Amino acid sequence: MNLSIRLAHLYPKLMNLYGDRGNIICLRHRCRARGIELTVDELDLGDRLDPQAYDLIFIGGGQDREQRRIVRDLIDVKGEAIRQAVEEGVAALAVCGGYQLFARYYRPAVGEDLPGLGIFDAHTEHPGEDVARCIGNVVADWDGGTLAGFENHGGRTYLGGGARPLATVRTGYGNNGVDKTEGAVYKNAYGTYLHGSLLPKNPRFADHVLRLALRRRYGEVELAPLDDALEEAAHAAAIRVATSR
Ligand code: GLN
């Protein structure tokens with residue numbers, strides 16, 4: 001069976017902090033190596049999203065300025081479709097600033113609150129520009145193993161009862177540096193603070209995202225193993241660096 005995945009990449013130029021588009025490059029590689037056809041639609045300001053058309057939605061991180069630039073479009077132009085897609089089981093991966101805007105709201109250090117899509121029962125508040133940002137390497141444990149990445153965010157995210165964390169922090173801050181949670185999960189939507197990019201350094205999680213993207217149209221798909229020697233070496237090195245400080 002010829003498998004295909006259609007991916008909506010939201011605001012690829014504006015929400016691409018620390019090269020989060022590296023996640024797309026990783027997914028392209030992992031699909032191509034398995035003969036899975038991956039189509040990536042870049043959706044910018046003003047572009048509408050068809051909730052029936054996609055298997056996976058991706059949004060990267062962004063500083064407060066970029067988040068402010070996209071938030072009205074995210075809510076008013078794409079919001080209802082994204083919520084509908086997630087409710088119908090479409091997979092999503094939202095990183096950092098994108099993650100914050102997939103939750104209920106982000107209260108920056110300066111200026112008005114930025115509303116979110118409410119997909120994750122969580123909210124984010126920046127404690128003030130005089131408070132140290134959450135910056136550094138992160139190691140966190142998730143259901144499928146360990147995640148290694150890099151974080152740089154001022155906002156602290158607090159999960160409500162309707163969201164479960166993606167992972168538990170071993171090293172680093174994660175959502176807020178207090179409750180040891182990192183990220184959030186709701187249905188097949190995942191939020192995370194991990195840049196890096198996340199997926200190239202975490203091949204097992206990358207394949208988990210691919211299986212979620214395939215599940216809606218093809219059910220449970222067994223993915224052929226890839227030669228992940230380089231990826232696993234990068235993963236191990238990231239963990240060594242993070243835990244050696
Ligand atoms: N602007 C947000 C914050 O500082 C998100 C930053 C990011 O995407 N790295 O918390």
Side-chain angles (χ1 to χ4, degrees), residues 9-24 26 42-45 57-75 78 82 92-140 147-160 163 165-167 169 171-184 189-202 238 242:
H9 185 182
L10 307 184
Y11 316 107
K13 296 180 185 64
L14 283 168
M15 296 298 278
N16 177 38
L17 206 53
Y18 304 113
D20 283 335
R21 69 167 52 240
N23 292 299
I24 307 295
C26 173
E42 296 193 343
L43 300 184
D44 255 317
L45 295 171
I57 298 168
F58 176 80
I59 182 171
Q63 297 296 12
D64 294 14
R65 185 179 57 250
E66 284 81 21
Q67 289 174 287
R68 213 174 284 288
R69 276 199 61 191
I70 66 149
V71 70
R72 283 303 0 142
D73 182 86
L74 179 69
I75 303 290
K78 302 178 180 55
I82 295 171
L93 179 62
V95 179
C96 203
Y99 162 37
Q100 295 172 343
L101 297 182
F102 267 46
R104 294 196 183 287
Y105 68 84
Y106 169 41
R107 180 163 295 159
V110 178
E112 299 289 308
D113 286 7
L114 278 66
L117 295 176
I119 288 170
F120 299 121
D121 176 16
H123 67 276
T124 301
E125 300 193 1
H126 193 304
E129 291 180 334
D130 56 337
V131 178
R133 292 176 66 83
C134 300
I135 299 178
N137 295 303
V138 181
V139 176
L147 296 174
F150 172 81
E151 63 185 331
N152 180 342
H153 53 102
R156 274 66 169 176
T157 296
Y158 302 92
L159 302 185
L166 163 59
V169 173
T171 301
Y173 298 90
N175 281 328
N176 51 54
V178 174
D179 64 14
K180 294 288 182 196
T181 63
E182 148 51 23
Y190 284 66
T192 179
Y193 271 114
L194 300 188
H195 297 284
S197 310
L198 172 66
L199 297 183
K201 278 191 191 149
N202 298 280

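All ligand and atom numbering here is 1-based and tracks the order in the structure. The analysis underlying the following values was restricted to heavy atoms, covering all of them including side chains, and did not include hydrogens, waters or symmetry mates. Predicted model, so just to flag it, every value in this text is computed and none were measured.
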Between Asn175 and Arg156, is there a side-chain donor-acceptor contact under 3.5 Å, judged purely by atom types and distance?
no

List of N/O pairs, ligand 1 versus protein, all under 3.5 Å?
{"from": "ligand 1", "atom 1": "1 (N)", "to": "Gly62", "atom 2": "O", "distance (Å)": "3.2"}
{"from": "ligand 1", "atom 1": "1 (N)", "to": "Asp64", "atom 2": "N", "distance (Å)": "3.3"}
{"from": "ligand 1", "atom 1": "1 (N)", "to": "Asp64", "atom 2": "OD1", "distance (Å)": "2.5"}
{"from": "ligand 1", "atom 1": "1 (N)", "to": "Gln67", "atom 2": "OE1", "distance (Å)": "2.7"}
{"from": "ligand 1", "atom 1": "4 (O)", "to": "Arg133", "atom 2": "NH2", "distance (Å)": "3.1"}
{"from": "ligand 1", "atom 1": "4 (O)", "to": "Gly154", "atom 2": "N", "distance (Å)": "3.0"}
{"from": "ligand 1", "atom 1": "8 (O)", "to": "Gly62", "atom 2": "N", "distance (Å)": "2.9"}
{"from": "ligand 1", "atom 1": "8 (O)", "to": "Gly62", "atom 2": "O", "distance (Å)": "3.1"}
{"from": "ligand 1", "atom 1": "8 (O)", "to": "Gly97", "atom 2": "N", "distance (Å)": "2.9"}
{"from": "ligand 1", "atom 1": "9 (N)", "to": "Asn152", "atom 2": "O", "distance (Å)": "2.9"}
{"from": "ligand 1", "atom 1": "9 (N)", "to": "His195", "atom 2": "NE2", "distance (Å)": "3.1"}
{"from": "ligand 1", "atom 1": "10 (O)", "to": "Gln100", "atom 2": "NE2", "distance (Å)": "2.9"}
{"from": "ligand 1", "atom 1": "10 (O)", "to": "Gly154", "atom 2": "N", "distance (Å)": "3.0"}
{"from": "ligand 1", "atom 1": "10 (O)", "to": "Gly155", "atom 2": "N", "distance (Å)": "2.8"}

Please work out which of the three classes, parallel, tilted or perpendicular, describes the rings of Tyr99 and Phe120, given edges at 30° and 60°.
perpendicular

Give me the ring orientation class for His123 and Tyr105: parallel if the planes are under 30° apart, tilted from 30 to 60°, perpendicular past 60°.
parallel

Has the side chain of Asn202 got a donor or acceptor atom that lies under 3.5 Å from a matching backbone atom of Ala148?
yes

Residues, nucleotides or ligands: over 12 heavy atoms within 6.0 Å of Arg69 CZ
no

Asn152 CG to Cys96 SG distance, which is reported to the nearest 0.5 Å:
7.0 Å

